[in-house]
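Worksheet: one structure, shown below.
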Amino acid sequence: MSTERKDFLRRIVEEDLKSGKYSEVVTRFPPEPNGYPHIGHAKAITINFGIARDFGGRCHLRMDDTNPTTEDPVYVEAIKDAVRWLRFQWDGPVRYTSDYFQRLYEYAVELIKMGKAYVDSLSEEEIREYRGTVTTPGKRSVYAQRSVEENLDLFERMRKGEFAEGEHVLRAKIDMASPNMKMRDPLLYRIRHARHYRTGDKWAVYPMYDFAHCLSDYIEGVTHSFCTLEFENNRELYDWILETLKVSPPRPHQYEFARLNLSYTVMSKRKLLELVEKGVVNGWDDPRMPTIAGYRRRGYTPESILAFCDQIGIAKANSLVDVAQLEFCIRDDLNKKVPRVMCVLDPLKVTIDNYDEEESQELEAPYYPHDVPKEGSRKLPFSREIYIDRKDFSENPPKGYYRLTPDQPVRLRYAYIIRCKEVIRDEKGEVAEIVAEYYPDSKSGSDTSGIKVKSAIHWVEANSARRVELRLYDRLFKTEEPKGIEDINPDSLKIVKDALIEPAVIAEKPDERFQFEREGYFYADPVDYSDDAPVFNRIVTLKDSWAKKQKTTKSKPHPKPKTEKKPAQKMQRPSDEAASMGEEEKKLFDYYTRKLGLRSEMASTLARDDVLSSFFKEVLKHHNEPENIAKLVINEVARELKNSQDGRIGFTPAQIAELAEMIESGLISNKIAKQVFEEMAKSEENPRAIVEKRGLVQIADPEILLPIIDEVIASNPGNVKKYKEGNERLFGFFVGQVLKATEGKANPKVVNDLVSSRLEK
RNA sequence: UGGGGUGUCGCCAAGUGGUAAGGCAACUGGUUUUGGUCCAGUCAUUCGGGGGUUCGAGUCCCUCCACCCCAUCCA
């Protein structure tokens with residue numbers, strides 16, 4: 001990985017590798033085998049395997065199988081399939097948390113011996129009560145006082161299966177009053193008399209996620225443990241277990257990213273399961289399902305899913321990705337790959353009455369358009385009777401209609417231009433057939449007719465066409481953020497039983513995915529397709545700007561009202577803040593405003609913060625410039641204070657006073673002061689010493705500055721032009737360049753004046 | 001309500017004090033025997049709101065607001 005922009009996880013890995021924290025990156029994809037993986041898993045897979053690949057590391061596939069009641073081998077197969085289908089390869093064998101049960105048990109025993117874990121015999125309800133709530137602390141169980149020996153004995157007997165489920169649990173002894181609920185003596189083990197699909201009846205106790213996960217990561221030598229946002233609160237416990245057990249470094253660390261949400265889709269296992277169980281869809285691999293198996297059956301390519309995962313990025317903001325982004329990815333991929341063929345979804349017979357009944361011919365048609373660099377073609381039978389799509393003919397065409405009408409000829413793609421002569425109706429008055437004539441000299445590729453048509457439509461020859469079943473899939477839900485079954489799109493599947501397709505598709509099988517020209521991308525259903533009864537799934541439609549235009553002209557009587565800029569919300573006056581101050585704070589506030597003459601914003605900020613306030617007063621003793629000192633303390637000192645975890649700061653009030661003097665005297669600029677600040681916080685050196693050592697004295701001499709400015713102006717003629725054309729934001733660019741050239745030492749005020757006068761010329 | 005997180009275009013998302021990237025969507029126009037593709041172009045005077053610091057703030061400080069997660073013997 002070189003210099004291109006990286007997501008925050010890759011930056012962390014890069015940093016850790018550079019600093020030598022780890023010599024190699026090891027990640028893992030750790031699903032619980034209790035359901036079919038979906039596109040959200042694809043994101044996690046791409047992240048874990050992708051990062052390992054990008055940094056020359058390894059990625060493990062681990063089944064997090066600590067709950068025997070929910071897991072099943074069919075899911076481990078589905079997960080393995082999904083990873084392989086996405087073209088990733090896990091390092092070594094598939095791993096299982098259940099393989100570590102013995103070691104995990106030993107770690108638990110160790111915790112007990114350290115007095116850091118105990119067997120609790122409270123009931124489930126009691127445990128819940130004792131835990132407290134998010135706002136009230138919990139209280140510890142009386143059983144927490146059990147001796148190490150008793151705990152050891154009990155835990156051993158739990159393991160052997162001497163107790164009923166729920167009778168005892170093993171808990172970590174941490175803090176029942178922790179603000180983090182996950183730290184209130186979390187459960188480590190519970191009794192389960194269930195058969196585990198791998199370990200059978202060997203164990204009667206099973207580790208909980210929090211205990212198993214960090215240790216499994218550690219056992220496997222994982223360095224970076226990526227998971228989704230909802231585990232943020234679990235990180236403290238993850239670290240606590242590894243730290244308390246004093247496992248030898250290198251230790252794994254957990255980082256969280258936002259899980260994928262897709263519009264018009266549900267992603268939770270529970271809701272997906274409901275769809276399957278209630279028969280809303282036909283199983284986990286129903287082409288409408290967001291499962292990997294579903295997309296695969298629908299006809300999505302692994303490349304398109306990967307491209308999608310790439311495009312959506314990795315971040316920490318909860319987001320809802322537009323499904324249109326996914327649709328773009330599959331269209332984009334298939335456009336470059338698949339053969340174009342003709343299939344008529346809603347056949348309308350056309351008899352070409354000037355074409356001899358006895359005659360027929362074969363037309364040569366390429367499988368790929370001019371812009372797809374692939375070779376291949378097939379023969380297209382042509383005769384007196386053909387079928388076109390019903391929507392490609394209109395007796396009363398709307399404005400802008402390019403297709404066949406009584407007055408408008410059209411080209412049959414790869415064949416001739418035809419003209420409608422007569423419309424034949426059935427007893428209900430509907431168009432049943434069209435009688436047309438063709439222009440013999442308009443043959444595709446050797447057209448000498450001189451007739452101009454607005455469009456070319458697809459068609460099939462009546463005798464040779466094959467009847468096929470088409471499954472037209474649409475979004476499963478009708479709302480952007482569906483809650484559940486109540487939001488199902490009733491038209492998510494339309495089955496067309498008697499579409500007609502050109503014979504070569506069935507006979508030659510040039511591919512399994514096709515573009516049915518002007519309709520969409522289709523995939524020969526891997527389960528139900530047979531040569532006798534071909535079935536195609538619609539993967540996605542083509543973009544259709546005609547349909548879009550129709551829709552907008554039909555349903556857009558009013559132009560969309562431009563949303564007004566929302567008016568500024570209620571202003572907050574500093575005096576409002578003063579109102580919320582306590583007695584002491586108010587006194588301080590008054591003192592700062594009246595005696596020291598500080599502005600109220602500053603005064604209130606100081607008055608509300610003990611540490612800042614006393615620091616401020618200390619600095620004042622060394623240098624009595626309340627306003628300047630207050631600014632420094634409020635902005636700079638406050639930052640350093642926030643950034644230091646332990647509340648310690650690497651500088652003294654006297655040093656801040658010194659810094660203030662240097663700024664006031666013009667020795668250094670504010671910009672440099674910031675730099676000095678950071679240096680001070682780190683090195684604990686005196687500001688003056690830092691300035692001298694690093695040569696940070698401000699440059700205000702035009703004699704020095706002017707040549708630099710001219711240089712900057714000379715080397716950015718484009719920006720000079722833009723600036724002169726009115727892009728005043730660019731002013732900062734020039735100043736910035738000069739500052740950069742002087743390593744920040746130029747006096748910005750002087751530079752501003754100078755740049756301004758130079759640019760005027 | 002305690003704690004942990006997150007707010008940049010309709011949807012994603014870069015951005016680490018010096019010109020608000022990019023993709024999707026949308027919208028022009030061109031090419032086209034697919035109303036597809038492709039090509040050219042348009043689309044954030046502003047970053048949840050308000051103050052402050054600074055020559056200069058999406059980035060630093062203060063404050064308010066909104067949303068998500070945590071009280072399964074699930075993961």
Side-chain angles (χ1 to χ4, degrees), chain A residues 5 31-32 34 64 66-67 70 124 127-128 131-138 165-166 169 178-182 184 187 189-192 208-209 213 229-236 256 258 263 311-313 315-322 324-325 328 331 335 340 369-372 400 402-403 411 413-414 444-445 447 453 455-458 515 517-519 542-549 568-574 577 599 601-602 604-605 608-609 631 634-636 638-639 642 669-671 674 719 722 727 729-737 739-740 747-752:
Chain A
R5 257 183 296 271
E32 183 188 14
N34 70 344
D64 204 6
T66 58
N67 185 356
T70 56
E124 206 174 328
I127 287 179
R128 198 165 23 247
R131 190 145 36 212
T133 70
V134 289
T135 47
T136 58
E165 288 187 11
V169 291
S178 170
N180 181 354
M181 296 297 288
K182 295 277 183 234
R184 319 247 262 227
L187 273 61
Y189 271 89
R190 78 290 213 183
I191 297 170
R192 277 288 112 95
M208 302 288 289
Y209 165 84
H213 206 94
L229 251 27
E230 65 268 28
F231 291 99
E232 277 171 327
N233 296 320
N234 300 57
R235 188 177 57 232
E236 192 179 355
E256 309 86 14
S263 63
Q311 282 182 17
I312 57 176
K316 294 191 77 166
N318 287 311
S319 58
L320 180 67
V321 177
D322 193 338
Q325 186 108 23
F328 166 81
R331 284 192 191 107
N335 175 50
R340 272 62 168 172
H370 67 278
D371 47 7
V372 173
Y402 294 165
R403 285 102 103 146
R411 172 174 296 281
R413 189 144 158 88
Y414 307 118
S444 184
D447 182 356
V453 290
S455 74
I457 62 172
H458 59 289
Q515 184 193 104
E517 290 204 54
R518 306 208 303 133
E519 293 290 352
L542 254 32
K543 265 176 79 176
D544 189 349
S545 53
W546 169 240
K548 198 154 48 188
K549 201 160 120 197
Q569 289 176 357
K570 187 179 71 177
M571 291 258 279
Q572 243 126 18
R573 304 258 107 244
E577 295 169 26
R599 290 209 309 276
E601 308 92 49
M602 288 193 220
S604 83
T605 305
R608 292 150 168 278
D609 191 316
K631 283 177 184 171
I634 289 170
N635 291 298
E636 318 297 309
R639 183 182 60 248
K642 271 209 318 200
S669 64
N670 270 293
K671 190 186 178 77
K674 288 215 167 171
N719 280 342
K722 278 195 249 170
N727 188 348
R729 279 180 286 178
L730 244 26
F731 191 79
F733 163 76
F734 293 107
V735 178
Q737 291 296 306
L739 267 294
K740 198 190 249 171
N747 180 324
K749 279 184 197 136
V750 177
V751 173
N752 264 279

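We name chains A, B, ... by the order of the sequence lines, and we start the count at 1 in each one.
- In this structure, A:Val134 reaches the bases: a heavy-atom distance under 4.0 Å links it to at least one base atom across the strands shown.
- Within the 4.5 Å cutoff, the side chain of A:Val751 has no heavy atoms near those of the A:Phe734 side chain.
- Counting only heavy atoms from C-beta outward, the side chains of A:Lys722 and A:Phe733 never approach each other to under 4.5 Å.
- When the side-chain nitrogen and oxygen atoms of A:Lys740 are compared with OP1 and OP2 of B:G17, none of them lie within a distance under 4.0 Å.
- Residues A:Arg518 and A:Arg413 are not in side-chain contact: their nearest non-hydrogen atoms beyond the backbone lie 4.5 Å or more apart.
- The P atoms of B:U53 and B:A13 are separated by 34 Å, rounded to the nearest whole Å.
- When heavy atoms are screened at a 4.0 angstrom cut-off, A:Leu730 is found touching base atoms of the nucleic acid.
- With both pairing distances under 3.5 Å, B:G7 is matched to B:C65 as a Watson-Crick or G-U wobble pair.
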Write down the protein N/O and nucleotide N/O pairs, taken from nucleotides 72-75 of chain B, whose separation is under 3.5 Å; answer none if there are no such pairs.
residue : atom : partner  : partner atom : Å
B:C73   : OP2  : A:Arg131 : NH1          : 3.4
B:C73   : OP2  : A:Arg131 : NH2          : 3.0
B:C73   : O2'  : A:Arg192 : NH2          : 3.4
B:C73   : N4   : A:Glu124 : N            : 3.3
B:C73   : N4   : A:Gly166 : O            : 3.2
B:C74   : OP2  : A:Arg190 : NE           : 3.2
B:C74   : OP2  : A:Arg190 : NH2          : 3.0
B:C74   : OP2  : A:Arg192 : NH1          : 3.0
B:C74   : O3'  : A:Arg190 : NH2          : 3.2
B:C74   : O2'  : A:Asn67  : ND2          : 3.2
B:A75   : OP1  : A:Thr66  : OG1          : 2.7
B:A75   : OP1  : A:Arg190 : NH1          : 3.4
B:A75   : OP1  : A:Arg190 : NH2          : 2.8
B:A75   : OP2  : A:Tyr209 : N            : 3.1
B:A75   : O3'  : A:Asp64  : OD2          : 2.8

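- Between A:Lys722 and A:Val321, the residue whose closest nucleotide on RNA chain B is further toward the 5' end is A:Val321.
- Although no hydrogens or angles enter the test, the distance criterion places no donor-acceptor pair under 3.5 Å between the side chain of A:Asn335 and the main chain of A:Arg331.
- Panel note: side chain A:Ser319, backbone A:Val321; no donor-acceptor pair is recorded below 3.5 Å.
- Taking both residues in full, the closest heavy atoms of A:Arg184 and A:Thr136 are given as NH2-O, 2.7 Å, listed atom of the first, atom of the second, then distance.
- Atom CG of A:Leu187 is separated from atom CE of A:Met208 by 5.5 Å, given to the nearest 0.5 angstrom.
- Shortest non-hydrogen contact noted between A:Tyr402 and A:Ser455 is O-OG, 3.2 Å.
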Restricting both atoms to N or O, compile the protein contacts to nucleotides 4-7 of chain B shorter than 3.5 Å, with distance only.
residue : atom : partner  : partner atom : Å
B:G5    : O2'  : A:Glu232 : OE1          : 3.4
B:G5    : O2'  : A:Glu232 : OE2          : 3.0

Mark up nucleotides 31-41 of chain B, 5' to 3', with B wherever a protein heavy atom is under 4.0 angstrom from a base atom, S wherever such an atom reaches only the sugar-phosphate, and - elsewhere. --BBBBB----
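- Shown here, B:U59 is classed anti by the O4'-C1'-N9-C4 or O4'-C1'-N1-C2 angle, which is more than 90° from 0.
- Going from the P atom of B:G58 to that of B:G35 covers 47 Å, rounded to whole Å.
- Within the 4.5 Å cutoff, the side chain of A:Val372 has heavy atoms near those of the A:Arg340 side chain.
- Between B:U8 and B:A14, the distance separating the two C1' atoms is 10 Å to the nearest Å.
- B:A40 and B:G18 have their P atoms separated by 31 Å, given to the nearest Å.
- Here the side chain of A:Thr70 pairs no donor or acceptor atom with the backbone of A:Asn34 at under 3.5 angstrom.
- In this structure B:C73 sits in no base pair that meets the Watson-Crick or G-U test at under 3.5 Å.
- Distance check on atom C1': B:C73 versus B:A25 gives 47 Å, rounded to whole Å.
- Contact check for A:Asn67 versus A:Arg190: side-chain heavy atoms found under the 4.5 Å cut-off.
- Straight-line distance between the P atoms of B:G36 and B:C27: roughly 12 Å, to the nearest whole Å.
- A:Ile312 has its CD1 atom 16 Å from the C1' atom of B:A25, to the nearest Å.
- If you take atom C1' in B:A26 and the same atom in B:C68, they sit 29 Å apart, rounded to whole Å.
- Note: CG (A:Asn727) to P (B:U19) measures 11 Å, nearest angstrom.
- The shortest side-chain heavy-atom distance between A:Glu636 and A:Arg639 falls under the 4.5 Å cut-off.
- The partner of B:C27 is B:G41, by the rule that a Watson-Crick or G-U pair needs both atom distances under 3.5 Å.
- When every heavy atom of A:Asn234 is checked against every heavy atom of A:Lys182, the shortest pair comes out as OD1-CE, 3.3 Å.
- When the C1' atom is compared between B:G56 and B:C67, the two are found 32 Å apart, to the nearest whole Å.
- With a cut-off of 3.5 Å on both Watson-Crick or G-U wobble distances, the partner of B:U54 is given as none.
- In this structure, A:Gln311 atom CD and B:A21 atom P are separated by 20 Å, rounded to whole Å.
- Taking atom CG on A:Asp322 and atom P on B:A13, their separation rounds to 13 Å, with Å as the unit.
- Between A:Asn719 atom CG and B:A20 atom P there is a gap of 11 Å when expressed in whole angstrom units.
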Protein heavy-atom contacts under 4.0 Å, written 5' to 3' over nucleotides 53-61 of chain B as B (base), S (sugar-phosphate only) or - (none), form the string SSBBB--SB
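- In this entry the distance linking CD of A:Glu256 with P of B:C70 reads 14 Å, nearest Å.
- By the side-chain contact (heavy atoms from CB on, under 4.5 Å) test, A:Ile191 is found to be paired with A:Met158, A:Phe163, A:Glu165, A:His168, A:His193, A:Val205, residues two or more places apart in sequence or in another chain being considered.
- With sequence neighbours left out, A:Asp64 forms a side-chain contact (heavy atoms from CB on, under 4.5 Å) with A:Thr66, A:Thr97, A:Tyr209, A:His213.
- Across all non-hydrogen atoms, the minimal contact from A:Leu320 to A:Ser263 is CD1-N, 3.7 Å.
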